[in-house]
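On a predicted model such as this, the values are computed, not experimentally measured, just so you know.
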Amino acid sequence: MPWQVGGKTHASNGVLLCWYHHHTIDSGGWRIRMVGGRPRVMAPHWIDPSGTWRTPEKHRAHGPKTRHDE
């Protein structure tokens, strides 16, 4: 849950985003959450009607030392 609607803010649920992607999350219908220290995103319904949470393909957490098979 986002901070502005009562969500908790803590380093363990934070995601670093550039200005563009932060704005997209806030205004474009995208959702983001942390699961096991890795970000998951959900696209707006008009992009992905299934509402599936997905792990982004490119992220520092996807390195060979941190990757976990799901």
*Not counting sequence neighbours, which residues clear side-chain hydrogen bond (donor to acceptor under 3.5 Å, both in side chains) with Ser50? List them please.*
Asp48, Thr52

*Which ILVMFWY residues are connected to Met42, directly or by a chain of links, through side-chain heavy atoms under 4.5 Å apart?*
Trp53

*For Pro56 and Pro39, work out which heavy atoms get closest and say how close.*
CD-O, 3.2 Å

_More than 12 heavy atoms from other groups under 6.0 Å of CZ on Arg31_ = no

_With His23 via side-chain hydrogen bond (donor to acceptor under 3.5 Å, both in side chains) - residues at least two apart_ = Ser27

*Is it true that Ile47 and Ile32 fall in one hydrophobic cluster, defined by side-chain heavy atoms closer than 4.5 Å?*
yes

_Trp46 to Gly28 - nearest heavy-atom pair and separation_ = NE1-O, 4.4 Å

_Shared hydrophobic cluster for Leu17 and Val41 (ILVMFWY, side-chain gaps under 4.5 Å)_ = yes

*Kindly compute the distance separating CD1 (Ile25) from OH (Tyr20), expressed to the nearest 0.5 Å.*
10.5 Å

